[in-house]
Amino acid sequence: MKINNHPPIYQQVISSPVGNLKLQASEYGLTHLQVLQDSVANDTLTNAQQQTGGVADAFVTESSAIEPSVVERERAKAYVTQAVTELGQYFKGERQTFDVKLAAKGTEFQQQVWHALTELNFGEICSYAAIADKIVRPKAVRAVGAANGANPIAIIVPCHRVIGKNGSLTGYAYGLEMKQYLLNLEGVNTEK
């Protein structure tokens, strides 16, 4: 992942075993993957379907942004389409790694943490301290936790694989139940 200052220009909302997912991309790669709360998901789906004639996807622009070209829009759409395909395979147990190009916006430190997370293998768990060691910042355990919590690309940047040093489940932006589901999907059982 490289430092990205480019806003998303394409988004799509899909349903998944863990709820509705909102994916966004710029012309440089996937920028966001969020799990929507039920009421937000229903509003988002309804609005997208009304705006696009029944399809829950759309090109988006910020009011201050320069209008993206057709090529940039299509490139962004291709990243979302690829991510949707890969997520479908992941949830069916047919994929263990993701190949979609990522373009999350974050500080250099956050980028280091998120990159370290993407290097975790399917079903591999670790602690915040292990990530801090991996990025050669052993005293930055709390900062690693904050960067993990700020991860804008859930599942694909697998922050759900980070657990407590004692093996217990720790916080997860989308709840411990979803974290446990994803870990179980990957063959990890942390239930005691």
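- Side-chain N or O atoms of Gln110 include one that pairs as donor or acceptor with a backbone N or O of Thr107 at under 3.5 Å.
- Residues Met178 and Val18 share a closest heavy-atom pair of CE-CG2, 3.8 Å.
- Looking at Gln111, its side chain never comes within 3.5 Å of a backbone N or O of Glu108 through a donor-acceptor pair.
- Glu72 pairs by the salt bridge (charged side-chain N to carboxylate O under 4.0 Å, His left out) definition with nothing, not counting sequence neighbours.
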Under 3.5 Å, which donor-acceptor pairs do the side chains of residues 126-151 form with other protein atoms, sequence neighbours left out?
from	atom 1	to	atom 2	distance (Å)
Ser127	OG	Ala129	N	3.4
Ser127	OG	Ala130	N	3.1
Asn151	OD1	Ile153	N	2.9
Asn151	ND2	Ile153	O	3.4
Asn151	ND2	Val157	O	2.8

As a quick check of understanding, evaluate side-chain contact (heavy atoms from CB on, under 4.5 Å) for Thr118 and Leu102, giving each step before the final call.
CA-CA 10 Å; Thr118 64; Leu102 304 177; 4.2 Å; yes

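- Between Ile9 and Ala76, the shortest heavy-atom distance links the atoms CG1-CB, 3.5 Å.
- Inter-residue side-chain proximity for Leu176 and Gln180 is flagged as unmet; no heavy-atom pair is nearer than 4.5 Å.
- Residue Val80 comes nearest to Ala25 through the heavy atom pair CG2-CB, 3.6 Å, listed as atom of the first residue, atom of the second, then distance.
- Of the possible donor and acceptor atoms, none in the side chain of Glu94 sits under 3.5 Å from a partner among the backbone N and O of Gln89.
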Could you walk me through whether Gln24 and Gln11 satisfy the side chain to side chain donor-acceptor pair (under 3.5 Å) test, starting with their C-alpha distance in whole Å, then the side-chain angles of each, then the deciding distance to 0.1 Å, before giving a yes or no?
CA-CA 4 Å; Gln24 295 180 304; Gln11 70 180 14; 2.9 Å; yes

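- Residues that satisfy the side chain to side chain donor-acceptor pair (under 3.5 Å) test with Gln112, not counting sequence neighbours, are absent from this structure.
- Taking OH of Tyr174 as the reference point, atom CD of Gln37 lies at 8.5 Å (rounded to 0.5 Å).
- Annotation for Phe122 and Leu185: closest pair CZ-O, 3.8 Å, computed over non-hydrogen atoms.
- Atom NE2 of His32 sits about 14.0 Å away from atom CG of Leu21, to the nearest 0.5 Å.
- In plain terms, the two heavy atoms of Gln82 and Asp99 that are nearest each other are NE2-C, 3.5 Å.
- Between the side chain of Thr81 and the backbone N or O of Lys77, at least one donor-acceptor pair lies under 3.5 Å.
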Evaluate Asn189 against Leu183 for side-chain contact (heavy atoms from CB on, under 4.5 Å), listing each step before the verdict.
CA-CA 7 Å; Asn189 186 355; Leu183 291 173; over 6 Å; no

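- Note that CZ of Arg95 is 12.0 Å distant from OH of Tyr90, once rounded to the nearest 0.5 Å.
- The side chain to side chain donor-acceptor pair (under 3.5 Å) check on Arg75 picks up nothing, with sequence neighbours excluded.
- Every side chain to side chain donor-acceptor pair (under 3.5 Å) that Thr170 has, sequence neighbours left out, goes to Lys179.
- Proximity of Leu30 to Phe98: side-chain heavy atoms (C-beta onward) are nowhere separated by under 4.5 Å.
- Minimum interatomic distance between Thr31 and Ala103 (heavy atoms only, all atoms of both residues): CG2-O, 3.3 Å.
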The test is side-chain contact (heavy atoms from CB on, under 4.5 Å); show your working for Ile156 and Leu87 and say whether it passes.
CA-CA 8 Å; Ile156 292 175; Leu87 284 164; 4.1 Å; yes

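- Partners of Tyr172 by side chain to side chain donor-acceptor pair (under 3.5 Å), not counting sequence neighbours: none found.
- Counting only heavy atoms from C-beta outward, the side chains of Val84 and Leu23 approach each other to under 4.5 Å.
- Distance check: Gln96 CD to Asn121 CG gives 8.5 Å after rounding to the nearest 0.5 Å.
- Residue Ser26 holds its OG atom at 14.0 Å from OH of Tyr10, rounded to the nearest 0.5 Å.
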Check against side-chain contact (heavy atoms from CB on, under 4.5 Å), Tyr28 and Tyr79:
CA-CA 8 Å; Tyr28 297 100; Tyr79 289 129; 5.6 Å; no

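- To the nearest 0.5 Å, the span separating CD on Glu177 from CG on Leu169 amounts to 11.5 Å.
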